[in-house]
Visitor: 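My questions all concern the structure below.
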Amino acid sequence: MENTYLTIVLAPLIGAIIVGLAGHRLGRTLSHSIAILGVTVSTVLALYVFNHHVLQGAEVFNENIYTWMQVGGLNMSVGFLVDNLTSVMLLVVSFISLMVHIYTIGYMQEDEGYTKFFSYISLFTFAMFMLVISNNFMQLFFGWEAVGLVSYLLIGFWHHKESAVEASLKAFLVNRVGDFGFLLGIAVLLMFFGTMDYVEVFTLANQVNGQTIFGDISVITVICLLLFIGAMGKSAQVPLHVWLPGSMEGPTPISALIHAATMVTAGIFMVSRMSPIFELSDVALTVVMVVGAITAIFMGLLGIVQNDIKRVVAYSTLSQLGYMTVALGVSAYSVAIFHLMTHAFFKALLFLAAGSVIVALHHEQDIRKMGALRKKMPITYITALIGTLALIGFPGFAGFYSKDMIIEAVHFSNLPFADWVYYAVVFGVFITAFYSLRMFFIVFHGESRLDQHAEEHVHEPALSITVPLIVLAIPSVIIGYLTIEPMLFTGWLDNSIYIDASVHGSVAALKEHFHSAFGLLQHSIVTVPFWMMVGGSLAAWVFSLYRTDWAKKIQERFHRTNYVLESLYGFDRLNDIVFANGSRKLGEFLWRISDMTIIDQFVVNGSARLMRFMGSVIRPVQTGYLYHYAFFMIIGLMLVLTWVLVVGENPLIQLGS
């Protein structure tokens, strides 16, 4: 199986290298065929691995493939850990990436950087594979940084747009903040555990538990919080969320890949993988839960005031990542992965459907300039409807099962603030339904607001765009129903995730109250989340179709609240004033102190002045007269003789008695 795992990881890399180096000579068709072939091979083999490990129950594979460095007792290797969690992630990442690759053929067909884009997205897939399949923190960090680097290249792909360049730089810098915390966490872990191998760390966790650092602070808590800072950056949790909406400046295919299956899921996956460590710190779990709830509720509210079709979907990603993080906080790691999986399908579907609309309208993204597209774009309309219903948690669709399980897991949690978090995630259902259907109704229903040229030429895009939509729509409907029981309750992830059920009993309580997927569907109409979803849907219909003037009146009536939302809570302004301007002023201050004063004035100019002064003192001695030099030689000789005869270590002349 080792060769199979290697092929899964390396196939996209080989495709990326070939297309990246020779794409301009190979031509567009051959280039995208090579890139798609690499990802197809990975997808087929990932399906085989999923069957081998998850369905057939094969043993966990954990071996080092290559030793990179040996420092004393520390072994730094490239290794693979393939268990059920890895198998699920490999299949999700490869399948979504394959759909995005196919979709890119139609979306980027007129772009000059066509072959380069295919090279980048294949490289992105390789980086995520390396992150997912790693068995040690060094390789995890490599994949962690690689997805960050490639995301920078892809978000700023249209580098002729200043906004794209700024967005890519923001993503890179914000993730550096999270990655710094992540690296510190790995350093503290290495200091106390003496190893970076997952299995060894998990084995030693109970021994390290109880040790303290910085006084009486638990080492495990410090490690977990630092690792979670890294997850906050990658998975865009408040306050390190500001980069994700800006990532919409990149082409739509990469928006789908980042938001659905790669970069933003890395943090959720990492915390789930580290469950044996996080289970030892209730403080860390509480922080994770609260941060997730804040992100879920407040980022969802921002989706209400967005008018860019991609940004609405982007803020829905932020909110849904908050739900996943909440699940991690209440030790429902398998539920978080379940929602990650279902979300990957319907979020990729929504982004690609949004891209289909954008292509049809000649890259128009303002939903206020759309409307009545359902008849002109029936395939996009139906698939977007399916994705929207899955997102809002409509009974029977994929998102319904995973989101309800998160809410119920919070309900059964005994962590501090769990009650508050429960009300937050329930209210989040109303918000999600409102902004999702608001966008859907404005884009596909109501009156057409298209200009005359767009109205005459709008039509369904090419098959390379619509086929991935249809394919993604299928799991967006059925994947939740088919996998909820095996993934959460009958052991699919038992060999990957550890939960201390004696302390954190959310999943055990879920299992006790769960009967079947169909039973959950039957029971849905009497649950609070269902009626919150209905309420949000009705509100969206009223404000988007029935009384469109009410929205403007409410904005005027609550103008201060609207200003806060439209200014994105002031995070960008705060970052600009405090961090950007603050950094510039700090740099200017240090420049004046260190460069201008210490280095220029003291070291450089000071040494020159010292030499000039010494020269002015010595210069009068250089008279040019021979007898003056003879005089100084005699004086010097007398001083040397005096030292030797009187002052030296063994003087020949003893002064005094």
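Sequence positions, counted from 1, serve as the residue numbers for this chain. These numbers come from the heavy atoms of this one structure, side chains and all, not from hydrogens, waters or symmetry mates.
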Visitor: Pairing donors with acceptors under 3.5 angstrom, does anything connect the side chains of Glu485 and Thr490?
Guide: no
Visitor: For Phe180, look at atom CZ and say whether over 12 heavy atoms of other residues, nucleotides or ligands are found less than 6.0 Å away.
Guide: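 No - once you tally the heavy atoms of other residues, nucleotides and ligands closer than 6.0 Å, there are 12 at most.
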Visitor: Is there a side-chain hydrogen bond (donor to acceptor under 3.5 Å, both in side chains) between Asp197 and Asn136 once you walk through the steps?
Guide: CA-CA 4 Å; Asp197 183 88; Asn136 63 82; 5.8 Å; no
Visitor: Can a donor-acceptor pair be found, under 3.5 Å and without considering hydrogens, that links the side chain of Ser319 to the backbone of Tyr315?
Guide: no
Visitor: Which donor-acceptor pairs under 3.5 Å do the side chains of residues 394-409 make with protein atoms, sequence neighbours left out?
Guide:
residue, atom, partner, partner atom, Å
Ser402, OG, His339, ND1, 2.7
Ser402, OG, Thr342, OG1, 2.8
Ser402, OG, Gly399, O, 3.4
Lys403, NZ, Leu391, O, 2.9

Visitor: Calculate, to the nearest 0.5 Å, the distance between atoms CD and OG1 belonging to Gln320 and Thr432 respectively.
Guide: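 So the gap between those two atoms works out to 5.0 Å.
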Visitor: Quick check for you: to the nearest 0.5 Å, what is the distance between Leu493 atom CG and Leu85 atom CG?
Guide: 6.0 Å
Visitor: Could you check whether Phe298 and Tyr569 have their ring centres less than 6.0 Å apart?
Guide: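 Yes: the rings meet the under 6.0 Å criterion.
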Visitor: For the residue pair Ser496 and Asp83, confirm or rule out a side-chain donor-acceptor distance under 3.5 Å.
Guide: yes
Visitor: May I have the step-by-step check of side-chain hydrogen bond (donor to acceptor under 3.5 Å, both in side chains) for Ser134 and Tyr198, ending in yes or no?
Guide: CA-CA 9 Å; Ser134 63; Tyr198 290 166; 3.1 Å; yes
Visitor: Please walk me through it: do Trp492 and Phe50 pass ring pair (Phe, Tyr, Trp, His ring centres under 6.0 Å)?
Guide: CA-CA 11 Å; Trp492 268 14; Phe50 179 83; 5.5 Å; yes
Visitor: Hey, what do you get for CD1 (Ile297) to CG (Leu302), rounding to the nearest 0.5 Å?
Guide: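 So the CD1 of Ile297 and the CG of Leu302 are separated by 11.0 Å.
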Visitor: Restricting to non-hydrogen atoms, name the atom on Pro245 and the atom on Leu318 that form the minimum distance, rounded to 0.1 Å.
Guide: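 Taking Pro245 first and Leu318 second, the nearest heavy atoms are CG-CD1, 3.9 Å.
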Visitor: Does atom CD (Glu59) have a neighbourhood of more than 12 heavy atoms from anything else shown, all under 6.0 Å?
Guide: no
Visitor: Does Leu301 offer a backbone N or O that forms a donor-acceptor pair with the side chain of Tyr435 under 3.5 Å?
Guide: no
Visitor: Restricting to non-hydrogen atoms, name the atom on Gly185 and the atom on Leu226 that form the minimum distance, rounded to 0.1 Å.
Guide: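 Closest approach of Gly185 to Leu226, heavy atoms only: CA-CB, 3.5 Å.
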Visitor: How about Ser502 and Asp500: does a side-chain donor come under 3.5 Å of a side-chain acceptor?
Guide: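 A donor-acceptor contact under 3.5 Å links the two side chains.
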Visitor: Establish, from distance only, whether the side-chain atoms of Asp282 and His504 form a donor-acceptor pair under 3.5 Å.
Guide: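 Indeed, the side chains of Asp282 and His504 share at least one donor-acceptor pair under 3.5 Å.
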Visitor: Closest heavy-atom contact between Ala539 and Phe430?
Guide: CB-CZ, 4.2 Å
Visitor: Would you confirm whether the ring centroid of His343 sits within less than 6.0 angstrom of the ring centroid of Tyr323?
Guide: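 Centroid separation for Tyr323 and His343: 6.0 Å or greater.
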Visitor: Test of understanding: with side-chain hydrogen bond (donor to acceptor under 3.5 Å, both in side chains), list the residues that count as partners of Asn75, not counting sequence neighbours.
Guide: Ser77
Visitor: Measure across Ser331 and Leu285 and return the closest heavy-atom pair with its distance rounded to 0.1 Å.
Guide: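 Closest approach of Ser331 to Leu285, heavy atoms only: OG-CD1, 3.5 Å.
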Visitor: Could you grab the distance from atom CH2 of Trp144 to atom CE of Met128, nearest 0.5 Å is fine?
Guide: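 Result: 8.5 Å between the selected atoms.
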Visitor: Would you compute the distance between atom CD1 of Ile133 and atom CD1 of Ile8 and round it to the nearest 0.5 angstrom?
Guide: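 With rounding to 0.5 Å, CD1 (Ile133) is 6.0 Å from CD1 (Ile8).
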Visitor: Rounded to the nearest 0.5 Å, what separates atom OG in Ser97 from atom CE in Met99?
Guide: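 The distance works out to 9.5 Å.
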Visitor: Would you say the side-chain atoms of Trp531 pair up with the backbone N or O of Ile525, donor to acceptor, closer than 3.5 Å?
Guide: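 Yes, the answer is positive, given that a donor and an acceptor are paired below the 3.5 Å cut-off.
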